[in-house]
There are 2 protein chains.
Amino acid sequence: MPNGIKVPMPTLERLANYLTIFSDLKIRNVETVSSADLESRAGINAAQFRKDLSYFGEFGRPGIGYNVNELQARISRILNLQKTQSVLLVGAGNLGAALAGYHPLRTENFQIVAAFDNNPNKIGKQLWDLTIQDIDEIISVNKVLQARIGIIAVPASAAQETAERLVSANVVNILNFAPTFIRIPSNVTVRHIDFLQELAVLSYYLPEDD
Amino acid sequence: MPNGIKVPMPTLERLANYLTIFSDLKIRNVETVSSADLESRAGINAAQFRKDLSYFGEFGRPGIGYNVNELQARISRILNLQKTQSVLLVGAGNLGAALAGYHPLRTENFQIVAAFDNNPNKIGKQLWDLTIQDIDEIISVNKVLQARIGIIAVPASAAQETAERLVSANVVNILNFAPTFIRIPSNVTVRHIDFLQELAVLSYYLPEDD
DNA sequence: ACCTCTTTGTGAAATAATGCGCAATCTAAG
DNA sequence: CTTAGATTGCGCATTATTTCACAAAGAGGT
Ligand SMILES: NC(=O)c1ccc[n+]([C@@H]2O[C@H](COP(=O)([O-])OP(=O)(O)OC[C@H]3O[C@@H](n4cnc5c(N)ncnc54)[C@H](O)[C@@H]3O)[C@@H](O)[C@H]2O)c1
Ligand SMILES: NC(=O)c1ccc[n+]([C@@H]2O[C@H](COP(=O)([O-])OP(=O)(O)OC[C@H]3O[C@@H](n4cnc5c(N)ncnc54)[C@H](O)[C@@H]3O)[C@@H](O)[C@H]2O)c1
């Protein structure tokens, strides 16, 4: 929803995090929180929280704080999560299986609606409640499903090709788990989750006692 | 390796990425690259690449560029990857299974050396080449293994408890896959991979055609 | 109605990261 | 040995993000 205002990327990333925190609070029957509460409870910076929200309007009441339900609803709307988003998965391997079987997805308003692979031994088999489909069918399948988000869970060597197939199937946003850089048209957004990169950063922070 | 110089976190994150790119280049028998080559090949900004490296010394030769082998070796050393790092995995569920079976780990100098769970039905079973162990044994097991990095792949509700167990087992760096905030002592570094957060950010960037 | 206490929303200051521009360095060729 | 061409490393300007600090807003008590 890239509207008029220019929202910093770190703000956007935190926004999604706030949602998680609010789910937690709801479970604990917390109805109202102040930004200071949030800071002590969830380690988020109070000033930053308020600043983040300020890009999108006014959300709280001075002297009181924020209504958990209302804030959750409004952040969901900001992130286009008011209705469930369909997601395509390419690569029905180990990671793909974990993702397809990942239940919180549903409650957070995402749903993997189709899984694709190019391995003839996998095509037609079940992956949880999905039947694995031939990647060659992706364009026609998505003509029906109209998903706009795709996940790449194929080996790095097939990632570029997969990205191109997703784009040709009309997907506009891609989450890439393969450890490789992907060239895409500028109207497509890619986010990259790189497990090895995260481990490498941690490794840097190891104390060098040995 | 938090030595004298203060390295920006984004630089560190990119450094790990550069390693991936160099592996690629080696496969294609590229011996030397300039920062400009890198920009056109891998979408990284040439000036930024040079700046990133400059925190750690001099790596290239004016007029020529960088030697791929040498640079890979030096970045590996910066990130403490010159020798294999042992990693503990807690949570032998869907995600844990994918991670434990993830082969590139080995080639990138990480190795999951033990998997733990608290489910009696899982303890003792095999997870690829590992035998799933009782989480209650983590302290004694790691007295022997001496791993310093831990992965949390348990449900969010058990994440805090798991973090504490890892810390008490002498782990100093944690990679958390559970969608929740974790309180840890300040000498421990945590990195958080949040799949739902990434999807939410993508969702924000959906064009609002509907 | 008034005072006190709390907490928001937001300009403005401070800090952090990025990207520009170029002197310095190296190669290769004549 | 000199010149031309390429490319690094890095100071510094620019841009982005975080943090501060406070006026304005509301609650609740008297
Ligand atoms: N397993 C993990 O824990 C993990 C963690 C982080 C990142 N990754 C990355 O995720 C990706 C998948 O990992 P994995 O462990 O599931 O691998 P995998 O080998 O288990 O699965 C890959 C799947 O992709 C399919 N595939 C290959 N080429 C294809 C193509 N051109 N079109 C469609 N499907 C194709 C294969 O048939 C296979 O089913 C890899 O890039 C890996 O580096 C995996
Ligand atoms: N599956 C995915 O694709 C995926 C993706 C992103 C994030 N995650 C997150 O990763 C975590 C694991 O996901 P999953 O799908 O593998 O779940 P899962 O239910 O398949 O596995 C969780 C495992 O943790 C074990 N466990 C529970 N409490 C424990 C405790 N106190 N100590 C030790 N072990 C314990 C369970 O016995 C189970 O084996 C969750 O937090 C999930 O939100 C999963």
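Proteins get letters first, then strands, A, B, ... in listed order; numbering begins at 1 in each. Below, all heavy atoms of this structure are taken into account, side chains as well, without hydrogens, waters or symmetry copies.
Salt bridge present: A:E13 and A:R191 bring a charged side-chain N and a carboxylate O closer than 4.0 Å. For A:R165 and A:D136, the salt-bridge test passes: some basic side-chain N is under 4.0 Å from an acidic carboxylate O.
For the pair A:I44 CD1 and D:dT19 C1', the computed distance is 15 Å after rounding to whole Å. In this structure, B:F59 atom CZ and D:dT7 atom C1' are separated by 16 Å, rounded to whole Å. In this structure, CG of A:L53 is placed 10 Å from C1' of C:dT8, rounded to the nearest angstrom. When the P atom of C:dT10 is taken as reference, atom CZ of A:F56 falls 13 Å away, rounded to whole Å. Counting to the nearest Å, the C1' atom of C:dT7 and the CG atom of A:L71 are 15 Å from each other. Whole-Å rounding puts the A:K6 NZ to D:dT15 P distance at 12 Å. Following rounding to the nearest Å, B:D37 (CG) and D:dT7 (P) show an atom-to-atom distance of 7 Å. The separation between A:M9 atom CE and D:dT18 atom P is 12 Å, rounded to whole Å.
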Quiz item: How does each nucleotide of nucleotides 18-27 of chain C score, in 5' to 3' order, for protein heavy atoms under 4.0 Å: base (B), sugar-phosphate only (S), or none (-)?
Solution: SBBB---BBS

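Here the side chain of A:S203 pairs no donor or acceptor atom with the backbone of A:L199 at under 3.5 angstrom.
The B:S54 side chain lies nearest to D:dC10 when the options are D:dT17, D:dC10, C:dT7.
For the atom pair B:L175 CG and B:T189 OG1, the distance stands at 12.0 Å (nearest 0.5 Å).
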Exercise. Output, in order, the C-alpha distance, side-chain angles, deciding distance and verdict of side-chain contact (heavy atoms from CB on, under 4.5 Å) for B:F177 and B:L99.
Key: CA-CA 11 Å; B:F177 281 93; B:L99 295 173; 3.7 Å; yes

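Annotation: cation-pi geometry not satisfied between B:R61 and B:Y66 (NZ/CZ under 6.0 angstrom from ring centroid, within 45° of ring axis).
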